[in-house]
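Read through the structure below, which is laid out as structure tokens, and then see the notes.
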Amino acid sequence: MTVTVKDKTELFSPQICAEIDRWIAKYPAEWKQSAVMGALMIVQDDNGGWLTTELMDRVADYLDMPPIAVYEVATFYSMYELKPVGKHKICVCTNVSCMTNKSDLIVEHLEKKLGISFGEVTEDGRFSMKEVECLGACGGAPMMQIGKQYYENLTPEIVDAILEGLE
Amino acid sequence: MVNEVCLRTLDLERPWLMEQYQSRGGYEVLKQVLTEKRAPEDIIEEVKKSGLRGRGGAGFPTGLKWSFISRNAPGQKYVVCNSDEGEPGTFKDRDILRYNPHQLIEGMILAGYAIGATRGYNYIRGEFWEPYERFEQALQEAREAGFLGENLLGSGFDFELHTHLGGGAYICGEETALLESIEGKKGQPRYKPPFPAHFGLYGRPTIINNTESLASIPMILEKGGEWFADIGVKNSGGSKLFSISGNINNPGVFEIPMGTPFSELLEMAGGMKDGRKIKAVIPGGSSAPVIPGDLMMDLNMDYDSIAGAGSMLGSGAVIVLDDTNCMVKTLERMSYFYHEESCGQCTPCREGTGWLYRVVHRIESGQGRQEDLDLLDDVADKISGKTICALGDAAALPVQGMLRHYRDEFQYHIDHKRCMVGAG
Ligand SMILES: Cc1cc2nc3c(=O)[nH]c(=O)nc-3n(C[C@H](O)[C@H](O)[C@H](O)COP(=O)(O)O)c2cc1C
Ligand code: SF4
Ligand code: FES
């Protein structure tokens, strides 16, 4: 498990290594493990939005952690994906404030338009849908997140325009 | 008086910039504290005087919490800010991070000075990318201006501050789960005691406060604890950010004095949508027991007034529901949430939240049995107070509230296998 420093730089591209190192630098030297959440997110983004076991193992090596400790983190937090997702992961909030502002219509509209339901990916791999809990933007209910961006005060028409604007 | 504390820069253009914050007197009080070497005990005393109570939901007096730290104990101590903002209905910390990040930074430095901590972390929920970038940009500015780093303004006091990003788990808002998460682990709450003041981040003495609590500190020290206390009412010092959402015309975040009548807040938020009748209000985030609308219209937005009606002010997240809402369906959604988010560590919570959801779901979908209402009471009872963290209570409280005020609606569902509201 203990790899030499030289090996570590071969685990990821120099750019990814540099990004992970920025997270490591935030924590006490003996607590490299604190960077695991940041590292998983970087690696996931770089891999089209999901994590493979091999990538998690590399993160474990990079941070001197047992692989199981990395899997535990990756399975506990909902933002890590262990299966392929769409190029655009559409996360729709259905919690109370969004629900009472008709998030179900947004969900139905997306389902019809994309031909998929929550947890599924379109055949061309462009979109996937995910049901999420309150994203802390209830003032703009109903709302959704695609990638890093929040979209609020949705109507089916607005959803159409947003999807059209995506690459 | 609106937007006088945490949102005091909101009317400015690009209010998140250092120069804008400083144009309102930002960082002045920090400079004063550092150059005059104000006694830390003095600062804690001022915070106590302010009557500030934790804005994350539990309402614990902030000054008192800080006084639990033995300032002169050797070794590293930490200040941790809770920007996990996950309690359904709550969306105020996002606005502090987006529009006034410098005030939070200043508040965290001052907190560090007061308890003798030289490092801080701000735990921002992973979905909050825009707020995270704003906060990071502000950190950069603060570093360049010499407000972060070593020997701040020649005072001999060091303070370094970093962001930790969450990964999408409501439970990480619980303070000890949050610490576990920063340590790179699953976010499972710790047994208390020991409390974070003695055994916190990396096993070191730590204070954890909500974003709004910490962002209130600079104004409290600038204008005095009494000034802050006087904005509010007895037992509820200061102003507070209320996130108001639901079936209203102008949902949003309003920073208003504690004790403001709910009716005034509702008016600020544009009143009921489509002129509909107010049915119910969840006054403090989804774990706060529901209050019927007509009762709510007579209450004030402070700890005692809301507690007097059998609920709690919590995080100040006010969800307003009109008469088209089915309370069974509303509770079903909330119970689903707590079941989903239970970390699974203790049996009463793991199993109990599943029971609650399944029984409410069964009533909602017309499969309810007469004994289900007592069963709900019973399960909620068996969770309350019997778990490691307060998520268990948070799941039980809304059930108890709904059955207290809307038992007839649940009964109707059981008797008629359908909803008494609307077409449902
Ligand atoms: C399940 C659960 C979720 C919580 N979520 C949050 C949260 O998102 N933000 C927050 O500030 N406090 C949250 N809290 C409260 C924290 O545990 C803690 O009391 C608070 O951060 C202390 O800061 P304060 O005293 O300034 O409020 C949560 C508590 C529980 C039990
Ligand atoms: S009460 Fe629930 S969320 Fe809290 S520690 Fe126990 S199982 Fe986990
Ligand atoms: S309920 Fe949807 S963002 Fe809060």
Side-chain angles (χ1 to χ4, degrees), chain A residues 22-28 30-42 44 59 63 65 69-81 91 93-104 130-141 143 145 147-150 152-153, chain B residues 76 84-95 119 121 125-131 133 160 162-170 172 181-188 202 243-247 250-253 273 282 286 317 319-322 324-325 329-330 333-334 337 340-341 343:
Chain A
R22 266 207 294 281
W23 280 100
I24 294 175
K26 294 181 176 196
Y27 308 101
E30 65 279 20
W31 279 95
K32 252 178 155 173
Q33 172 174 354
S34 284
V36 66
M37 293 177 67
L40 285 173
M41 206 48 83
I42 291 163
Q44 171 166 292
V59 168
L63 298 176
M65 289 170 71
V70 175
Y71 307 157
E72 269 186 13
V73 168
T75 49
F76 186 83
Y77 297 93
S78 67
M79 288 174 74
Y80 302 116
E81 303 291 346
C91 300
C93 171
T94 59
N95 210 298
V96 175
S97 295
C98 284
M99 182 176 89
T100 195
N101 279 293
K102 310 249 177 312
S103 57
D104 54 339
K130 180 168 180 162
E131 180 173 35
V132 293
E133 296 300 344
C134 177
L135 289 184
C138 332
M143 64 81 63
Q145 176 167 31
K148 293 186 158 132
Q149 188 72 37
Y150 276 22
E152 304 179 38
N153 301 304
Chain B
Q76 187 66 54
D84 196 46
E85 189 149 83
E87 178 73 12
T90 319
F91 50 100
K92 65 189 177 69
D93 298 336
R94 176 178 178 227
D95 278 4
R119 285 183 87 91
Y121 291 97
R125 66 178 294 175
E127 297 89 343
F128 275 180
W129 192 256
E130 182 198 19
E133 291 200 310
E160 198 39 81
H162 295 289
T163 312
H164 186 93
L165 264 182
Y170 164 67
C172 288
S181 183
I182 298 181
E183 293 180 3
K185 304 174 195 155
K186 314 187 262 192
Q188 289 192 319
Y202 306 125
S243 323
I244 179 166
S245 67
N247 310 120
N250 180 26
V253 178
K273 228 192 213 155
I282 298 163
S286 84
I319 307 173
V320 183
L321 300 173
D322 69 22
T324 61
N325 288 273
K329 190 163 176 214
T330 305
R333 187 63 187 85
M334 298 197 295
F337 170 75
E340 272 288 303
E341 301 296 329
C343 84

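Each chain gets a letter, A, B and so on, in the order its sequence line appears, and its residues count up from 1. Not measured: the values here are computed from a predicted model.
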*Heavy atoms only, distances under 4.5 angstrom: which of A:Met37, A:Met41, A:Gln149, A:Lys32 has the most pairs with chain B? Name it, please.*
A:Met37

*Identify which part of B:Leu321 has an atom lying under 4.5 Å from any heavy atom of chain A, answering side chain, backbone, both or neither.*
side chain

*Give, as side chain, backbone, both or neither, the part of B:Leu165 having an atom under 4.5 angstrom from any heavy atom of chain A.*
both

*asked:* Under 4.5 Å from any heavy atom of chain B, what part of A:Ala141 do you find: side chain, backbone, both or neither?
replied: neither

_B:Lys185 side chain near A:Glu72 side chain, heavy-atom distance below 4.5 Å_ = no

*Is a donor on one side and an acceptor on the other found under 3.5 Å between the side chain of B:Glu127 and the backbone of A:Leu135?*
no

*ring-ring contact (aromatic ring centres under 6.0 Å, His included) partners of A:Tyr27, counting only residues at least two apart*: B:Tyr121, B:His164

_So for A:Val132, is it side chain, backbone, both, or neither that comes closer than 4.5 Å to the heavy atoms of chain B?_
backbone

*Is there a side-chain contact between A:Met143 and A:Asn101, using heavy atoms and a 4.5 Å cut-off?*
no

*Would a distance-only check, ignoring hydrogens and angles, find a side-chain to backbone donor-acceptor pair under 3.5 Å from A:Ser34 to B:Ile182?*
yes

*Count the heavy-atom pairs under 4.5 Å between each of B:Gly86, B:Cys343, B:Gly89 and chain A, then report the option with the highest count.*
B:Gly89

_Under 4.5 Å from any heavy atom of chain A, what part of B:Ser286 do you find: side chain, backbone, both or neither?_
neither

_B:Asn325 side-chain N/O to B:Asp322 backbone N/O, donor-acceptor pair under 3.5 Å_ = yes

*Determine the option with the most heavy-atom pairs under 4.5 angstrom with chain A, choosing from B:Lys329, B:Lys186, B:His162.*
B:Lys186

*Kindly indicate whether the side chain of A:Tyr77, heavy atoms from C-beta on, has any atom under 4.5 Å from the side chain of B:Cys172.*
yes

*Go through B:Arg94, B:Lys273, B:Glu85 and name the one with the most non-hydrogen pairs under 4.5 angstrom from chain A.*
B:Arg94

*In terms of heavy-atom pairs under 4.5 Å, which option from A:Ala74, A:Ala35, A:Gly147, A:Cys134 contacts chain B the most?*
A:Cys134

*Does any heavy atom of chain B fall under 4.5 Å from the side chain of A:Thr94, the backbone, both, or neither of them?*
both

*Flag the one option from B:Glu133, B:Glu130, B:Arg119 with the top tally of heavy-atom pairs under 4.5 Å to chain A.*
B:Arg119

_Option in B:Gly187, B:Gly246, B:Ser245, B:Gly126 with maximal non-hydrogen atom pairs under 4.5 Å from chain A_ = B:Gly187

*Polar side-chain atom of A:Gln44 near backbone of A:Met79 as donor-acceptor pair, under 3.5 Å*: yes

*Per-residue contact mode, B:Gln76 against chain A (heavy atom under 4.5 angstrom)*: neither

*Region of A:Gln33 in contact with chain B, defined by heavy-atom distances below 4.5 Å*: both

